[in-house]
Each structure stands twice: as C-alpha cells, then as structure tokens.
Amino acid sequence: MQIRFFIYAARGAMTIDRREFLQATAAIAATGVVARSVGDAHAKAPLQTAQNASFYRFKTGDIEVTSITDGGIDLELRLFPNADKAEAEAILAKTGRPKTGSPASINAFIVNTGGKLIVVDTGTGTFFGPQAGLFAANLSASGYSPDQVDAVIITHMHPDHLGGLTKADGKPAFANAQILVNEDDYKFWTDEVITAKAPDEAKPFFRFAQATMKAYEGKVERFRDGTEFAPGVTAVAAPGHTPGHTMIRVSSGKSSLLIWGDIVHATALQFARPEWAISFDSDQAAAVATRKKVFDQVSGSGTMVAGAHLDFPGIGFVARESSGYSYHPAFWSPKL
Ligand SMILES: [Zn+2]
C-alpha cells in the first residue's frame, strides 16, 4: 500500500508519495539544513519574565463562574502552631513544596447568574505589595470591567479578601456595586474597643477593613447566614477563621458549588491534617471544627468546592481518607 504524505506549503496542500518524500529529505540533508543543531539557531530568544493573564472559567449549571488569581503568598510552617514539624516537612517534601512552608494562591471568584454579576472576594489590592494585587488586571483580562459588577460579597474582612475593593489611592474600585459583608464580621472588624485590644501586628488588619468600609459609606449592606444574594447564590455561615466567616453556595439545576473562603489555607497540609489551624484564625478551635464539618459534608455529597487559597484555579473535590482527607483538583476543561 502506498503511503501518502501531506505537505502544507504556502501555495497550498499537495501530496507526494513515499519515494518522493525520501528523495526530498535526502536533498535537504545534503544542504546541511537537517544537520543544523539547536546551538546554531539564528536568534537568541530572551527568557520571558511575565506570567499569562490568569483566569479560569467554568459552569455550575447555567451559572458562569470565573476564578481569578490575585497572586500568591508563602505560608511559613511557623504559622501552623499545632503542626508536628517533622510530619509537616515530610508532607511538604512529598508534594514538592519547600519544607519551610507552603506557597498559597490568592483567588477570587466571579459569579454571573445571567441577571447579576457578582464578585466574591477581591484579592489584596496593594496591601501585600507586588507579589499579589493582580485581581483588577485579571478581572479585565477575563472580559469584565469593574463598572459592570452589581455586587461584591466579602467572605470575611481580611485584607487579602477585601484589599481589591479600593484602588491604590483608597478610592472605590467598583463604581456601581453594592458591598455585602457579614453582620458579625462587620461588628468585629469595625469595633473600636476590639481594635484597641488587638495585638499590634493585627491592628493594620482592623484599620484597613475600617478604611475600606468608609470608602464605600452608604453602599455597604450587612448580611446574615442564609441570605440569598441572587437566585441560587446563598450565604452559608462558617465561623472560626473570623467571627462572620461565610461560604457562598452557588446552585443551578442539579449542580452546586461551594465557594468556601478560607476553610483551607495550605492545600498541602490542611486536608491531610484538618486540625492544624493557622495563626490568623480568630478562634482556632472553632475554625478546626468548621473545617472538619465542611470536609465531611462536601466529601459525602461530592460537592465541588472553590477556595480562596487552594492552588489556582482553586476548584476541586474533597475525599475522605482512612486518616484525614485528600484534595483533587477539578479537570481543566478547554470547553465551557
Ligand atoms: Zn485569606
């Protein structure tokens, strides 16, 4: 049987048979073109230093969800006071991470119900410096402008979640959005007595949250557990990390997604060891209890989760193991 080869040349596709092909390649080899090594290439391409615009889009039923990266942060092992150092280092080594700690993504999510464009968390803004603060650029790269946003839901009032609400000059980044924060979180982070008693290293968190709320004076609305922000988009209380820490359930048809804020900070460590709290937790015991309860629920139901600090794009599934749990990133689909 004759083997046909297809060559696509500038003048169009043509076919040649195997004998012609071998003659042609022999002729090319004689010119030295085939023998040329990589080192003889004409141009030295400079290394590229920029990462691609980072968003990932998927559907939950009829609702479109876009994961947006704001950047990353290194979570040093010392931030997990209950962790057994040797065991933690072994887990980090096994998962290819530095043994000094775990890099964590900073993710935010855009929920487009068709009727409403909702942003869930906004990254760090300028609070963490140049290692993060990419939310605004990646929101635009994903096809949306901040002026289109109807509402911003804040899972909790830490600076890596509400930082992107304001621009570098402290002015609102979202001209037309209502800002939705949990009632208990709002009370905690804007309370002057609690602020005064907070350790010095925590005071900037309080002051930043207060300045951000002031920038949106008259546009902030406080919500409670169970509030429905739009059809299929609901608040689910998950206290511990902060007093009003909230997950957002997105439901459409038979599909469901749980955007869970900071249930997990270190992907490599806290599925295996849910009891290893992070020192940023307002109430570590409550945060651990909430994490275990949520792991139980989503591993039992097979619900997809989306995490603010899970490895970008931060969506996947939780499975129960004989000891602890494991995390399984969702398949990267080229199609919506
Ligand atoms: Zn966070």
Side-chain angles (χ1 to χ4, degrees), residues 70 73 79 106 108-109 118-129 132-133 135-136 146 149-229 233-248 259-263 265 277-287 290 308-309:
D70 183 65
I73 185 172
L79 294 171
I106 302 170
F109 300 92
I118 299 170
V119 164
V120 179
D121 290 339
T122 61
T124 59
T126 55
F127 195 86
F128 283 179
F135 172 79
V149 176
D150 298 303
V152 181
I153 306 170
I154 298 297
T155 60
H156 61 294
M157 292 172 66
H158 276 169
D160 55 316
H161 298 261
L162 54 66
L165 279 176
T166 47
K167 296 189 272 195
D169 61 4
K171 300 251 164 57
F174 300 92
N176 305 312
Q178 191 178 30
I179 310 304
L180 302 157
V181 295
N182 174 277
E183 171 78 24
D184 295 335
D185 240 39
Y186 185 91
K187 278 190 190 150
F188 180 79
W189 293 102
T190 58
D191 188 297
E192 277 303 330
V193 176
I194 296 171
T195 307
K197 285 185 188 161
D200 281 351
E201 63 271 22
K203 281 198 170 69
F205 283 39
F206 285 86
R207 294 292 175 217
F208 190 73
Q210 290 158 14
T212 306
M213 291 300 100
K214 187 140 187 53
Y216 281 93
E217 211 156 20
K219 287 187 156 183
V220 177
E221 194 167 308
R222 301 180 221 172
F223 65 79
R224 293 194 170 280
D225 183 24
T227 296
E228 190 175 47
F229 304 107
V233 184
T234 315
V236 182
H241 180 51
T242 66
H245 181 259
T246 298
M247 304 185 290
I248 313 299
I259 302 177
W260 70 9
D262 282 12
I263 294 295
H265 291 86
I278 194 163
S279 53
F280 303 138
D281 290 334
S282 296
D283 180 339
Q284 293 187 6
T290 293
H309 300 300

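Since the model is a prediction, treat every value here as computed from it, not as a measurement.
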Would you mind reporting whether T122 and F174 have side-chain heavy atoms less than 4.5 Å apart? yes
Could you go through the side-chain contact (heavy atoms from CB on, under 4.5 Å) check for I73 and I106 one step at a time? CA-CA 7 Å; I73 185 172; I106 302 170; 4.2 Å; yes
Of the options D185, D283, D281, which is the one that meets T242 in a side-chain hydrogen bond (donor to acceptor under 3.5 Å, both in side chains)? D185
Any non-hydrogen side-chain atom of F135 less than 4.5 Å from a side-chain atom of V119? yes
Student check: side-chain heavy atoms of T234 and F229 closer than 4.5 Å: no
Can you list the residues that meet the side chain to side chain contact (heavy atoms under 4.5 Å, CB included) rule with D225, with sequence neighbours excluded? A237
One pair to check against side-chain contact (heavy atoms from CB on, under 4.5 Å): I248 and V233. What are the steps and the verdict? CA-CA 7 Å; I248 313 299; V233 184; 3.6 Å; yes
Min side-chain heavy-atom separation I154-D121 under 4.5 Å: yes
For the residue pair N176 and V149, establish whether any side-chain heavy-atom pair is separated by less than 4.5 Å. no
So do the side chains of M247 and I263 get within less than 4.5 Å of each other, counting heavy atoms only? yes
Taking atom NZ of K214 as the centre, does the number of heavy atoms from other residues, nucleotides or ligands within less than 6.0 Å exceed 12? no
Kindly say whether T124 contributes a backbone atom to a donor-acceptor pair with the side chain of D70 at under 3.5 angstrom? yes
F280 side chain near H241 side chain, heavy-atom distance below 4.5 Å: yes
Do you know the tightest heavy-atom contact between F208 and G163? CE2-CA, 3.6 Å
Write down the atom of F109, the atom of A308, and the distance for their closest heavy-atom approach. CE1-N, 4.3 Å
Can you tell me how far CD of E217 sits from CD1 of I179, rounded to the nearest 0.5 angstrom? 13.0 Å
Grab the two heavy atoms, one from Y216 and one from A173, that are nearest each other, plus how far apart they are. OH-N, 3.1 Å
I'd like to know if R207 and E192 make a salt bridge, using a cut-off of under 4.0 Å between side-chain N and carboxylate O. yes
To the nearest 0.5 Å, what is the distance between CG on L162 and CZ on F127? 9.0 Å
Just checking, any donor-acceptor pair under 3.5 angstrom between side chains of T195 and Q210? yes
Heavy-atom donor-acceptor pair, H245 side chain to H156 backbone, under 3.5 Å: no
Closest non-hydrogen atom pair, A286 against G240: CB-CA, 3.7 Å
Tell me yes or no: between the side chains of H309 and D262, is some donor less than 3.5 Å from an acceptor? yes
Within the 6.0 Å centroid threshold, strictly below: F205 and H158: yes
Is a side-chain N or O of Y186 found less than 3.5 angstrom from the main chain of L180, in a donor-acceptor match? no
Keeping K171 on the side-chain end and A215 on the backbone end, is there a donor-acceptor pair under 3.5 Å? no
Can a donor-acceptor pair be found, under 3.5 Å and without considering hydrogens, that links the side chain of T227 to the backbone of R224? yes
When you compare the side chain of T246 with that of F223, does any pair of heavy atoms fall below 4.5 Å? yes
